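Scope of the values below: all heavy atoms of this structure, side chains included, with no hydrogens, waters or symmetry mates. All values derive from a computational prediction rather than experimental measurement.
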Amino acid sequence: MNLRAYLVGGAVRDMYLGIVPLDFDFVVEIGEEEHLNAFEKITSILKCKSKYNSYYHTGKFSINGEDVDFIMARDESYSGIASKPRVWSSNIIKDLGRRDFTINSIAVSLYGDEYGRIIDPFNGLLDLKRKKIRVLHDKSFMDDPTRIFRGIKYLSRFDFEFDRKTYELILCAIERGAMLYLKSERVRQELEKILEEKNIYKGIKYIKKTKILNSVIGKEVFINTCFDEASFLNLKFKNKLAVLLYRNSIDIIKEIEEYLKPGASFSDLCLKIKELKEATLKQDDSLYTSLFNCQNVVADEILRTLFKKDKRIDGFLRFKKIVKLSRHQFDKANKRGEGQDFIDVKLDALYSFLRGELNGYNKL
């Protein structure tokens with residue numbers, strides 16, 4: 001097959017940045033019917049799993065566990081905010097022009113004498129050098145509001161910044177209610193992706209600055225930024241969200257729970273974290289009692305994320321298995337009418353360990 005093909009998008013961007021690409025997108029200048037025929041022929045040659053989207057004229061090959069996209073060069077237009085675009089076959093310049101940001105609108109020709117030629121009509125290479133995220137046209141975020149999430153994701157991943165106009169367009173789109181046109185499931189998916197990026201503080205900073213959650217909930221949402229970054233990245237989405245949002249009122253937490261559906265008992269988890277946070281300002285016995293009462297709801301990973309610098313909580317986490325602070329044991333003791341005695345003995349043993357006294361073992 002003699003196809004006018006190009007490597008485009010993320011793979012080109014990543015190679016310029018010295019990053020090994022994880023995804024490869026190949027665009028071909030070809031008609032709709034010819035694209036499907038070419039896709040079927042490539043599938044038969046490669047003998048691999050494949051999937052074709054007949055609306056967007058995109059094919060996906062799974063080769064040795066890696067996904068490769070085979071895309072018809074296309075142009076598109078949107079009839080309304082977050083609407084499904086009308087698409088038609090076009091050329092590589094138009095295809096690059098429909099994309100989200102200039103840094104993803106760079107192509108490398110794989111065709112004949114033009115092999116290796118860089119096609120960069122929107123100065124994406126300059127923006128990569130300047131470490132800027134720049135949108136391609138003024139209606140971009142109204143056409144597809146998920147581009148706001150992707151922009152924040154790229155800021156986190158590459159430690160870039162929005163150029164001034166792009167940031168103003170984001171704020172304008174959110175103010176005009178663009179987020180309300182997205183399904184809550186999509187908002188959750190996009191938030192999850194941002195919260196998986198390593199430079200998490202930057203992503204959260206822009207979620208906070210742009211007031212994305214305020215927009216979808218319709219109320220002022222407080223986002224906590226005081227936590228250990230390394231520990232945060234190991235949390236599941238539900239726990240990440242609780243770390244970020246537990247300081248809000250229970251009404252707002254329940255609205256977020258209803259909208260994002262992060263998991264069962266999310267509001268209960270936030271309330272327990274808030275209880276623990278308040279207990280850190282109290283005497284040791286109150287804190288340890290709260291830790292004991294919360295341990296079946298608040299995972300140890302959350303405690304390490306939020307209270308890493310608190311020596312009392314660190315001690316609790318280090319010694320609780322030795323002291324055998326088990327909720328199951330407490331329930332059994334409680335049925336015998338010995339619940340408070342159980343807590344007193346265990347806390348006494350814990351105090352001994354925290355003071356570095358070996359006779360903590362003798363108090364079990």
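- Nearest heavy-atom pair, L96 versus P121, reported as atom, atom and distance to 0.1 Å: CD1-CD, 3.8 Å.
- Atom-to-atom distance recorded for I194:CD1 and L155:CG is 9.0 Å, nearest 0.5 angstrom.
- In this structure, Y6 and L110 have side chains that are not in contact, with every pair of non-hydrogen atoms separated by 4.5 Å or more.
- The number of heavy atoms from other shown groups lying within 6.0 Å of NZ (K277) does not exceed 12.
- Side-chain N/O atoms of T305 and D228 include no donor and acceptor closer than 3.5 Å.
- Looking at I200 and L233, their side chains come closer than 4.5 Å, going by heavy atoms from C-beta outward.
- Under the 3.5 Å distance criterion, with hydrogens and angles disregarded, a donor-acceptor pair is assigned to the side chains of S62 and D67.
- Ion pair R188/E192 flagged as a salt bridge, since at least one NZ, NE, NH1 or NH2 atom sits closer than 4.0 Å to an Asp/Glu carboxylate oxygen.
- For the atom pair CG (D120) and OG1 (T102), the distance works out to 8.0 Å, reported to the nearest 0.5 Å.
- Other residues, nucleotides and ligands place more than 12 heavy atoms under 6.0 Å from the CG atom of N53.
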TODO: Take V221 and I256 through the side-chain contact (heavy atoms from CB on, under 4.5 Å) test and state the conclusion after the steps.
DONE: CA-CA 9 Å; V221 178; I256 292 170; 4.0 Å; yes
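- Of the N and O atoms on the side chains of D144 and T146, at least one donor lies less than 3.5 Å from an acceptor on the other residue.
- Ion pairing between K193 and E190 holds under the 4.0 Å rule for side-chain N and carboxylate O.
- Minimum heavy-atom separation, V28 to H35: CG2-CD2, 3.6 Å.
- The shortest side-chain heavy-atom distance between L235 and I302 falls under the 4.5 Å cut-off.
- In this structure, a donor-acceptor pair under 3.5 Å is present between the side chains of E220 and N214.
- Ring pair F160/F158 is tilted by interplanar angle, where 30° to 60° counts as tilted.
- Counting heavy atoms of neighbouring residues, nucleotides and ligands inside a 6.0 Å radius, atom NZ of K131 does not exceed 12 of them.
- With contacts defined as side-chain heavy-atom distances shorter than 4.5 Å, the pair F101/L136 does not qualify.
- For K49, the NZ atom sits in a loose shell: 12 or fewer heavy atoms of surrounding residues, nucleotides or ligands are nearer than 6.0 Å.
- Residue D127 forms a side chain to side chain donor-acceptor pair (under 3.5 Å) with just one option from K132, R13, R134, and that option is R134.
- Atom CD of E168 sits about 9.5 Å away from atom SG of C172, to the nearest 0.5 Å.
- The hydrophobic cluster containing V108 does not contain V8, counting ILVMFWY residues as joined when their side-chain heavy atoms lie under 4.5 angstrom apart, directly or transitively.
- Between the side chain of S83 and the backbone N or O of S79, at least one donor-acceptor pair lies under 3.5 Å.
- Contact check for L245 versus L213: side-chain heavy atoms found under the 4.5 Å cut-off.
- For E258, the CD atom sits in a loose shell: 12 or fewer heavy atoms of surrounding residues, nucleotides or ligands are nearer than 6.0 Å.
- Residues L7 and L17 are members of one and the same hydrophobic cluster, defined by side-chain heavy-atom contacts under 4.5 angstrom among Ile, Leu, Val, Met, Phe, Trp and Tyr.
- A side-chain donor-acceptor contact under 3.5 Å links T166 and D163.
- When hydrophobic clusters are built by joining Ile, Leu, Val, Met, Phe, Trp and Tyr residues whose side-chain heavy atoms come closer than 4.5 Å, directly or via intermediates, I118 is grouped together with L128.
- Not one N or O on the side chain of H57 forms a donor-acceptor pair closer than 3.5 Å with the backbone of M72.
- Taking every heavy atom of both residues into account, D100 and V135 meet most closely at O-CG2, 3.7 Å.
- Under the 4.5 Å side-chain contact rule for hydrophobic residues, I103 and I93 do not share a cluster.
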- [ ] Could you walk me through whether L195 and I204 pass side-chain contact (heavy atoms from CB on, under 4.5 Å), step by step?
- [x] CA-CA 8 Å; L195 297 182; I204 292 170; 4.1 Å; yes
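- Residues Y154 and F122 do not share a hydrophobic cluster, clusters being chains of Ile/Leu/Val/Met/Phe/Trp/Tyr side chains in contact below 4.5 Å.
- For A299 against N239, the heavy-atom pair with the smallest separation is CB-ND2, 4.4 Å.
- Counting heavy atoms from C-beta on, the side chains of I170 and F162 come closer than 4.5 Å.
- Environment of CZ in R117: crowded, with over 12 heavy atoms of neighbouring residues, nucleotides or ligands closer than 6.0 Å.
- At most 12 heavy atoms of other shown residues, nucleotides or ligands fall within 6.0 angstrom of atom CD in E175.
- Rounding to the nearest 0.5 angstrom, the gap separating the CD atom in E29 from the OH atom in Y111 is 9.5 Å.
- Close placement of the F39 and Y52 rings is indicated, their centers lying within 6.0 Å of each other.
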Open item on the list: What verdict does the side-chain contact (heavy atoms from CB on, under 4.5 Å) test give for I71 and D25, after you've listed the backbone C-alpha separation in whole Å, the side-chain angles of each residue and the deciding distance to 0.1 Å?
Closed with: CA-CA 7 Å; I71 304 163; D25 295 350; 4.0 Å; yes
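- A side-chain N or O of Y206 and one of E161 form a donor-acceptor pair less than 3.5 Å apart.
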Open item on the list: Please determine whether side chain to side chain donor-acceptor pair (under 3.5 Å) holds for the pair R304 and S231, giving the CA-CA distance in whole Å, both sets of side-chain angles, and the decisive distance to 0.1 Å.
Closed with: CA-CA 7 Å; R304 292 188 181 96; S231 301; over 6 Å; no
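- With values rounded to the nearest 0.5 angstrom, E257 atom CD is found 9.5 Å from L269 atom CG.
- Across all non-hydrogen atoms, the minimal contact from I174 to I148 is CG1-CD1, 3.9 Å.
- In this structure, E197 does not pair ionically with K153, as no charged nitrogen and carboxylate oxygen lie closer than 4.0 Å.
- Checked by atom type, the side-chain pair S89/E32 shows no donor-acceptor distance below 3.5 Å.
- More than 12 heavy atoms of other residues, nucleotides or ligands shown are found within 6.0 angstrom of NZ on K238.
- Summarising the geometry of F237 relative to P262, their closest heavy-atom pair is CE2-CB, 4.3 Å, with the distance given to 0.1 Å.
- Under the 3.5 Å distance criterion, the side-chain polar atoms of S44 are matched with a main-chain donor or acceptor of K41.
- Taking the six-membered ring for Trp, Y201 and F227 have ring centres closer than 6.0 Å.
- In this structure, the side chain of K272 does not engage the main chain of V297 through any donor-acceptor pair within 3.5 Å.
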TODO: Give the C-alpha distance, both sets of side-chain angles, the deciding distance and a yes or no for side-chain contact (heavy atoms from CB on, under 4.5 Å) between D314 and F307.
DONE: CA-CA 8 Å; D314 176 65; F307 308 111; over 6 Å; no
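- Identified under the salt bridge (Lys or Arg N to Asp or Glu O under 4.0 Å) test for residues 84-99, with sequence neighbours left out: D95-R98, D95-R99.
- Here the side chains of I152 and I212 are in contact, with some heavy-atom distance below 4.5 Å.
- Between L244 atom CG and F222 atom CZ the span is 10.5 Å, to the nearest 0.5 Å.
- Taking the side chain as every heavy atom from C-beta outward, D69 and F24 never approach each other to under 4.5 Å.
- For R4 and E114, the salt-bridge test passes: some basic side-chain N is under 4.0 Å from an acidic carboxylate O.
- By the ring-ring contact (aromatic ring centres under 6.0 Å, His included) test, Y78 pairs with no residue at all, sequence neighbours left out.
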